[in-house]
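Because the structure is a prediction, the values reported are computed rather than measured. Heavy-atom basis, side chains included; hydrogens, waters and symmetry copies ignored. For ligands, and for the atoms within them, numbers begin at 1 and follow the listed sequence.
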Amino acid sequence: MSNRTIVLASRNKKKTQEVADLLATIGFTVVPVTDFPDVPEVEEDGDTFATNAAKKATEVALALNQWVIGEDSGLRVDALKGAPGIYSARFAGPGATDELNNAKLISELASVPPEKRGAGYVSSVALSNPAGEIKVAAEGTCRGRILAEASGSGGFGYDPYFLIPEYHRTFGSLSPLVKRKLSHRARAFAQFLPLLQKIAEEF
Ligand code: IMP
C-alpha cells in the first residue's frame with residue numbers, strides 16, 4: 001500500500017463516497033473493502049458507534065494486514081429516546097432499504113409535533129494498524145430536525161427528512177459541499193484527518 005491509499009471498512013457506496021471526498025482534501029485515496037471479496041462481513045454487535053467503528057477497522061485490518069479506517073454512524077431521534085441509533089441501517093429490519101427505514105421513522109413520529117422532532121446524526125471513526133490496534137478515534141455530531149415530508153434526493157439514508165434549521169433545508173436538498181462542511185461525518189473527520197496525516201508517516 002502506498003502511504004496515500006487507505007482501505008475503508010464500509011459496504012455503503014454513498015457513505016464511502018463521502019469519506020473519499022473528505023480524505024481527498026488531504027490527498028488520500030480510499031479503497032473500499034468491497035474491492036477485497038474474500039474479506040468477511042463484520043458483525044456490528046457493539047453497543048456504541050465507537051465500538052462498532054473500532055470493530056470494523058480492526059477486523060478488516062487483520063484480514064488484510066493493512067491500515068484500515070472504520071466508520072459507524074446513525075441517527076438518534078429525541079422523541080424515540082435515541083432510536084434508531086446504532087440500528088439506523090437496519091431500523092426496518094435486516095437488509096432494509098433507505099426507503100423502508102424512512103417510512104418507519106416517519107410513521108413512528110406521526111403524532112410528534114414539529115418542536116419535538118429534534119434529532120442528531122453521529123459519526124464515529126477509527127483507524128486500525130495492520131496488527132488490529134486502534135491508533136486514532138474521533139466522533140462528530142450534527143443536530144437537526146425530522147420533517148414529516150421528504151425534501152430533496154441528495155445524500156443518503158435519512159437525509160431527505162433531516163432539516164438543518166440554520167439553512168431551512170434538508171441534507172437531501174443542500175449541496176454535497178455544504179454537507180461536507182457541516183455533517184457529523186465532516187466533524188468527525190475534521191478531528192481525525194490531522195491525526196491520520198501524522199500517523200501516515202509510519203505507513
Ligand atoms: P453503518 O453503515 O452501519 O454505519 O450505518 C449507517 C446508517 O446510518 C445508514 O444506513 C443511514 O441509515 C444512517 N446514516 C449515517 N450517516 C448518514 C448520513 O450522513 N445521512 C443519512 N443517513 C445516515
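For a threshold of 3.5 Å applied to N or O pairs, the pair formed by His184 and ligand 1 contains at least one separation below that value.
Interface atoms of ligand 1 facing Asp72, defined by a heavy-atom separation under 4.0 Å, are 1 (P), 3 (O), 4 (O). Atom numbering of ligand 1 starts at 1 in the shown order; those under 4.0 Å from a heavy atom of Gly74 are 8 (O), 15 (C).
Under the rule for a salt bridge (Lys or Arg N to Asp or Glu O under 4.0 Å), the partners of Lys55 that lie at least two apart in sequence or sit in another chain are Asp45, Glu59.
To the nearest 0.5 angstrom, Ile6 atom CD1 is 4.0 Å from Ile69 atom CD1.
Counting only heavy atoms from C-beta outward, the side chains of Ser151 and Ser173 approach each other to under 4.5 Å. Between Ile199 and Val136, some side-chain heavy-atom pair lies under the 4.5 Å cut-off.
The aromatic ring centroids of Tyr161 and Tyr158 lie 6.0 Å or more from each other.
For the 3.5 Å distance criterion, the side chains of Asp159 and Tyr121 qualify, holding a donor opposite an acceptor. No donor-acceptor contact under 3.5 angstrom links the side chains of Glu71 and Ser10, judged on distance only. Under the 3.5 Å distance criterion, with hydrogens and angles disregarded, no donor-acceptor pair is assigned to the side chains of Thr141 and Arg187.
The protein heavy-atom contact nearest to atom 20 (N) of ligand 1 is Asp159 OD1, 2.7 Å. The nearest heavy-atom contact from the protein to atom 3 (O) of ligand 1 is Glu44 OE1, 2.9 Å. When hydrogens are left out, the protein atom nearest atom 1 (P) of ligand 1 is Lys15 NZ, 3.4 Å; that is the closest non-hydrogen contact. In this structure, atom 19 (O) of ligand 1 lies nearest to the protein heavy atom Lys179 NZ, 2.7 Å. In terms of protein heavy-atom proximity, atom 16 (N) of ligand 1 is closest to Arg185 NH2, 2.8 Å.
The closest approach between any non-hydrogen atom of Leu75 and ligand 1 is not below 4.0 Å. Look at Lys56 and you'll find a heavy atom under 4.0 Å from some atom of ligand 1.
When the heavy-atom distances from atom 17 (C) of ligand 1 to Tyr158, Tyr87, Phe156, Phe91 are ranked, the shortest goes to Phe156. Among Gly157, Gly70, Ser73, the residue whose heavy atom sits closest to atom 7 (C) of ligand 1 is Ser73.
The part of Tyr121 lying near ligand 1 is the side chain, judged by heavy-atom distances below 4.0 Å. At a 4.0 Å heavy-atom cut-off, ligand 1 does not touch Arg11 at all.
Note on residues 126-137: pairs passing side chain to side chain donor-acceptor pair (under 3.5 Å), not counting sequence neighbours, are Asn129-Glu133.
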